[in-house]
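Worksheet for the structure shown next.
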Amino acid sequence: MTVKSPPTVAPVFDDGSTVQIPTLRILQADGTLISGAQTPELAKELAHKIYRDMVYTRILDERMVGAQRQGRLSFYLTCTGEEASVAGTVAAFKQDDMIMGQYREQVALRFRGFSTEQFMNQLFSNAKDLGKGRQMPVHYGSRDLHFMTIRSPLATQIPQAAGYAYGQKLAGNNACTLCYFGDGAASEGDFHAGLNMAAVLKSPVVFVARNNGYAISTLSSEQYAGNGIAARGLGYGIKTIRVDGNDILAVYAAAIAARNIAVQEQRPVLIETMSYRLGAHSTSDDPSGYRSAEEEDEWRQKDPIIRMKNWLINQTWWDESRDEDLHKNYRKEILEELKLAEKCPKPPLSDLITDVYQDTPAHLLEQFESLEKHVAKYPDSYKVHGENS
Amino acid sequence: MTVKSPPTVAPVFDDGSTVQIPTLRILQADGTLISGAQTPELAKELAHKIYRDMVYTRILDERMVGAQRQGRLSFYLTCTGEEASVAGTVAAFKQDDMIMGQYREQVALRFRGFSTEQFMNQLFSNAKDLGKGRQMPVHYGSRDLHFMTIRSPLATQIPQAAGYAYGQKLAGNNACTLCYFGDGAASEGDFHAGLNMAAVLKSPVVFVARNNGYAISTLSSEQYAGNGIAARGLGYGIKTIRVDGNDILAVYAAAIAARNIAVQEQRPVLIETMSYRLGAHSTSDDPSGYRSAEEEDEWRQKDPIIRMKNWLINQTWWDESRDEDLHKNYRKEILEELKLAEKCPKPPLSDLITDVYQDTPAHLLEQFESLEKHVAKYPDSYKVHGENS
Amino acid sequence: MTDVTRMNLIQAINNGLDTAMAADEKVICLGEDIGKFGGVFRATSNLQEKYGRPRCFNTPLTEQGIAGFAIGLAAQGSVAVAEIQFADYIFPAFDQIVNEAAKFRYRSGDEFNCGGLTIRAPYGGGIDGALYHSQSPEAYFCHTPGLKVVIPSNAYQAKGLLLAAIRDPDPVIFFEPKAIYRASVGDVPNSDYELELGVAEIVQVGTDITLLGWGAQMIQIGKAAELAAAEGISCEVIDLRTLLPWDRDTVVESVKKTGRLLVSHEAPLTGGFAGEIAASIQERCFLSLEAPITRVTGIDTPFPLIQEKQYLPDHLKIYEAIKSSLAY
Amino acid sequence: MTDVTRMNLIQAINNGLDTAMAADEKVICLGEDIGKFGGVFRATSNLQEKYGRPRCFNTPLTEQGIAGFAIGLAAQGSVAVAEIQFADYIFPAFDQIVNEAAKFRYRSGDEFNCGGLTIRAPYGGGIDGALYHSQSPEAYFCHTPGLKVVIPSNAYQAKGLLLAAIRDPDPVIFFEPKAIYRASVGDVPNSDYELELGVAEIVQVGTDITLLGWGAQMIQIGKAAELAAAEGISCEVIDLRTLLPWDRDTVVESVKKTGRLLVSHEAPLTGGFAGEIAASIQERCFLSLEAPITRVTGIDTPFPLIQEKQYLPDHLKIYEAIKSSLAY
Ligand SMILES: Cc1ncc(C[n+]2csc(CCOP(=O)(O)OP(=O)(O)O)c2C)c(N)n1
Ligand SMILES: Cc1ncc(C[n+]2csc(CCOP(=O)(O)OP(=O)(O)O)c2C)c(N)n1
Ligand SMILES: [Mg+2]
Ligand SMILES: [Mg+2]
């Protein structure tokens, strides 16, 4: 029917291994360009911003893992190792393009302008958390910054992103959607539904598959048998590119081109960023049970932040002393805000029942009334944990 | 990580349109071979059996659509136009390979030895139906014939087939699973889950995607934007082939090779058969609302049964008078069995509650007892429809 | 031009969708075969022709995708009306509905919502559809805070409730009793009107027992009430219309008066929504109840084919249960 | 070697799986991260090492695939024990479970079945897990004829019920109360033993009120019963253990004696399984009931984070409800 397919008389099977999907690379570990590579247009200020946000995120992650170990936080999850995959993509988009992430993309939120205080409010589920203290740490979201609130179920955002972008197309305002997910999430049925629908219905959405080699303990060789996630993009007829996710210039170059395609051609694009989850899956995880320190070390050599720093220094856009200051200032800022957020009161009990519906229905109000009475009877037993009494 | 991918400095996007997936063709409409094509090894008796079963199925379908129009049957659904896609595949498998179909593969069941009486018993939901009159017409199944009972929800059998075949692998008896589904069903999340799991876990299953251009009224151009279903196989690292589904020799050649791969290499295979649903989706459907008579006529010229007949005649394995006899005999047999099945009593009331569990639990027995009493009180109101009183 | 048109339930649905699309260009219809073909039950007939393909289109065959796509559309600010071809096929979308749509506003602290979402699906038995074209899955959704669940029982309700559902600020699951798509005929206003969600309709006032139901069961309940009336039993008949949140006060008031309650639905007994109603009403009407609350429902099996008539709770079963309750 | 080993609930699960795999080579464990890593809660620790990767393996990350694959395995004759990492993530598998596993035998007229299927999932609150690591979805499955639903409340039950579930001829959904995975410790026989499905356990005999629950709620119920005892109230405590099919007779007998029933679960009130129990018991114990059947459950919101303690039905709420019932 609708496929183009030349006739053949040879009964030959193809498992896709002949289909080459190269990896875009621009920057080498020492910060020099690969021969023949072209730097994408990237103004000094923007380069600085990207770098600063990556450094910020690294420090935030280190600090919060520490805070979790100290028992100040119930849970945390880092972006460590994948900062360039995320920063390099978000930097190519417009401020009002919608971002629908998985959970390991805090650098995108930082890039959009989420403040340290806002991060801390969410992490400590305090009364100032935009999410009203309802979700676990790292489930950030901000309407102002066009960053859809993170949810835990994997891959659900993928068909949603296809729909969101379709709505943007009908609205006709040249905005698009940027949707992140992991190599593990790409095995979910929702991945298939979302990418196929976006392709057929021509949604202006850029999918970024963060292929970091793991889904918790599950190796990507236990996740798929084909040529990564990119090979599937080809199957959907989606314009697809694979990039070195630790190479900020390659990621940025791909993302700029991807957004152009999405908005100009009103169709989806898939970027697969090849990288590595340098840390544990989350603070609940211990990777020593399933991978070697050597493997981790190997990837530490490819750190995307160091690589970008080397490039900036080569450009004479940066130097070590500025770098030290940057680190110091961020550490200080984060620690200060952490302390403030910890002390901030928790959300009121009434937040338990609002927003289930736009207007709280009678039966829920009734349930809440009797809960309030009960809590008033036993105030000591229902102190919100972390609450100062 | 685990993908092979050469580096590139060119930010080029690939939407898969450069990936060629040819269509295997052997037989021409007039029954002669395409130049350069090789006939697969196909003994005369087997060729006869395939042809007879295809003719049988065509006649069965015509007759039952007629019976439905006469109001003797509530529902029916034909294989018309796709007989070769199904007969050519099933013929390449062993009798105890498991078949997990969608619903349009009755010729496979016939090939396995399902009798006219058995077809009729299911279609008329009578007491001799192996399925105990519980599912709509065409939901056949037979443990003896290793043909898993058809269910209505689409694509659910795909991950099940991956699991079934995995069990066969562990059992070590060199059997495999043959799993059919349509171009529409291939959009379901279960398709993605099933093919990917089969690929990763190396299940000996042969998937046959019957691409007939439509899912009810939905054109395949509204179903996918890529290079059919085969292109996805490549993405999963599954050995994949596309064949002309109206060319019995091409289908059979592909299927023989596919089963070999599945069993020898213990891995999945995907065959995409390109064909056309010549009839309505079902007796509940009227295709004139969404496609032209011209389009249908065009495809009628490519009828797989006529093409095979021409080949058989060219081989001097068949002639028109035998063909007429065959048709006449089948028509007679089908009509006779139809009448018998119609008159056969319906399943007993007790079949309403058996098989929900292996042993019917107390609460259900209790519900049944009160139902029995009620029905006994109003016998006329609860005559089983179609039941002779 | 008159103010009302005589139409059947499916025409009223079509008319409701037409009205919604005409009134607000943000309204988008999507689903399997709903485009040019107009849907397997013709609910979307002519809508693509009238409003263009971008606003009324076929999707690929994936219910989880349809639900997810529609949630995204709604989050973006569109008003998404998704059709699931049969309620039996809503289960692949269960995660998107229960984990996503229902919790979208709550989990974001109202930063985001998908209130513009409505999911329509034909449900229930009566068409020789067997296991997979007959189910009544409403109870699954009624256990899910954040959703609204609405079921009309006639053409007038169908249009008015559908318009209210589409415009409701929360995600709504809208089940349509397909058995009476054509059989239920009535006068439907041509105007744009809404019937308030969460409000039950007292169909018939009575004194001896309260009969409660929704969807196609209202016809069985009506017939049973007639049979009972012939024996001098006065039934109060209530059509719930919205199951979540349900109009408990109206039911409580009625049961306090009649002292007896019968609830009927097609879905299997165990875990069906009648259980919730019974539990809730026995709590509030304990001292008024003169007999146990009775449930007349499907039995605890998958939906059968050949014994559909035996399986379904019909007017005779309801009538017998009324008599048993009165005789308690 | 002694006959029993002191272990916690998750160790008992691990021990039960080990026992099942040792006894029958057809038993296969599959799920996300369950292989070398042993599962995020360590339920499958060492099983891959012991029985080989073909019999205990990581799957790709797809719950609908895991369920479908496991159904296929079971249909083939294997005994499939699938893990869903959190019960909150069982919803993508809902169609495979509700439309497929539950109806597999029935629809085929017993030509085929997938009775060898068991799906395990940690469920419930108590670990600061918020909306998506805390849900109690048992009621969704209890409305599905063809399934069995089992929930242990301690280590001894966990092993015995799990072995019975794995060997049961019907598909079983097995929810494990993760809040007490480590906290619940007890003596567990080293032998291979099964606890019969469908049979409740009378944990404490009493006369004034029947308290009914399952899973981690049994701890709250136990504490409440103690508080009540201190006030001279004698509670009969029943652990349901199997929710589908549930042991109605045991509950009926108890309520006929005590005249009062309280049911507690973590899931939201509306549509929760306590509703079914209440509806069913008021029908059978109408004349014995001295007060309305009380439900102490989660409220009708998604599962919260910071107000988890307030949300959960705990011993104090149960205690208060006991007193209210007695004072009715
Ligand atoms: C539907 C669903 N299933 C399972 C989980 C549990 N889970 C959380 S993260 C994760 C691994 C995800 O891996 P990947 O998508 O590769 O992202 P990464 O963590 O590597 O960034 C799993 C299994 C979940 N959150 N949602
Ligand atoms: C999960 C599910 N969704 C929807 C349907 C309704 N339905 C039955 S057949 C069909 C079209 C299937 O098309 P395809 O897979 O191409 O098979 P074909 O009929 O062309 O052989 C649809 C939408 C269904 N049976 N199951
Ligand atoms: Mg990953
Ligand atoms: Mg098709």
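Keep in mind it's a predicted model, so treat the numbers as computed, not measured. Each chain gets a letter, A, B and so on, in the order the sequences are listed, and its residues count up from 1.
C:Gln96 and A:Gln160 share a donor-acceptor pair across their side chains, judged by distance under 3.5 Å alone. A donor atom on one side chain and an acceptor atom on the other are not found under 3.5 Å apart for A:Gln358 and C:Asp170.
Contacts between A:Leu170 and chain C at a heavy-atom distance below 4.5 Å involve the side chain alone, from C-beta outward. Only the side chain of A:Glu366 has a heavy atom closer than 4.5 Å to any heavy atom of chain C. Both the backbone and the side chain of C:Ser108 come within contact range of chain A, judged by heavy atoms closer than 4.5 Å. Neither the backbone nor the side chain of C:Leu61 comes within less than 4.5 Å of any heavy atom of chain A. Proximity to chain C (any heavy atom under 4.5 Å) is shown, for A:Leu145, by neither the backbone nor the side chain. Only the backbone of A:Phe147 comes within contact range of chain C, judged by heavy atoms closer than 4.5 Å. Of the atoms belonging to A:Asp351, it is backbone heavy atoms, and not side-chain ones, that fall under 4.5 Å from chain C. Contacts of C:Leu197 with chain A are absent, with no heavy-atom separation under 4.5 Å from either backbone or side chain. For C:Asp95, the part lying under 4.5 angstrom from a heavy atom of chain A is the side chain only. For chain C, no part of A:Ala165 is nearby; none of its heavy atoms comes within less than 4.5 Å. For A:Thr354, the part lying under 4.5 angstrom from a heavy atom of chain C is the backbone only. Neither the backbone nor the side chain of A:Met100 comes within contact range of chain C; no heavy atoms are under 4.5 Å apart. When heavy atoms are compared at a cutoff of 4.5 Å, C:Ala75 approaches chain A by way of both its backbone and its side chain.
No other option in A:Ala198, A:Ala362, A:Gly167 has as many heavy-atom pairs under 4.5 Å with chain C as A:Gly167. Of the listed residues C:Arg248, C:Arg105, C:Lys148, the one with more heavy-atom pairs under 4.5 angstrom with chain A than any other is C:Arg105. With respect to chain C, the highest number of heavy-atom pairs below 4.5 Å among A:Gly189, A:Gly194, A:Gly141, A:Pro361 belongs to A:Gly189. With chain C as partner, the option from A:Asn196, A:Val200, A:Asp190, A:Asp359 having the largest number of non-hydrogen pairs under 4.5 angstrom is A:Asp190. In terms of non-hydrogen atom pairs under 4.5 Å with chain A, the most contact-rich of C:Trp246, C:Phe104, C:Phe112 is C:Phe112. Most heavy-atom pairs under 4.5 Å with chain C, from the set A:Ser142, A:Ala161, A:Ser152: that is A:Ser142.
Here the side chain of A:Tyr164 pairs no donor or acceptor atom with the backbone of C:Gln76 at under 3.5 angstrom. Without hydrogens or angle criteria, C:Tyr106 side chain to A:Tyr357 main chain gives no donor-acceptor distance under 3.5 Å.
For the pair A:Arg151 and C:Arg107, the minimum side-chain heavy-atom distance is below 4.5 Å.
Ring centers of C:Phe57 and A:Tyr166: under 6.0 Å apart, within the cut-off.
Looking at every heavy atom in both residues, C:Glu100 comes nearest to A:Pro153 through OE2-CG, 3.9 Å. Closest approach of A:Met197 and C:Ile66 over heavy atoms only: SD-N, 3.9 Å. A:Ala193 and C:Gly65 make their closest contact through CB-CA, 3.5 Å (heavy atoms, listed as atom of the first residue, atom of the second, distance). What you find for C:Gly109 and A:Asp355 is that their closest heavy atoms are C-OD2, 3.6 Å. Closest non-hydrogen pair, A:Leu201 versus C:Pro60, comes out as CD1-CD, 4.5 Å.
Looking at C:Glu111 and A:Arg134, no side-chain N of the basic residue comes within less than 4.0 Å of a carboxylate O on the acidic one, giving no salt bridge.
Residue C:Glu201 places its CD atom among more than 12 non-hydrogen atoms of other residues, nucleotides or ligands, all under 6.0 Å distant.
In this structure, NE2 on A:His363 lies 12.5 Å from CG on C:Asp247, to the nearest 0.5 angstrom. Atom OG of residue C:Ser78 and atom CD of residue A:Gln168 lie 9.5 Å apart, to the nearest 0.5 angstrom.
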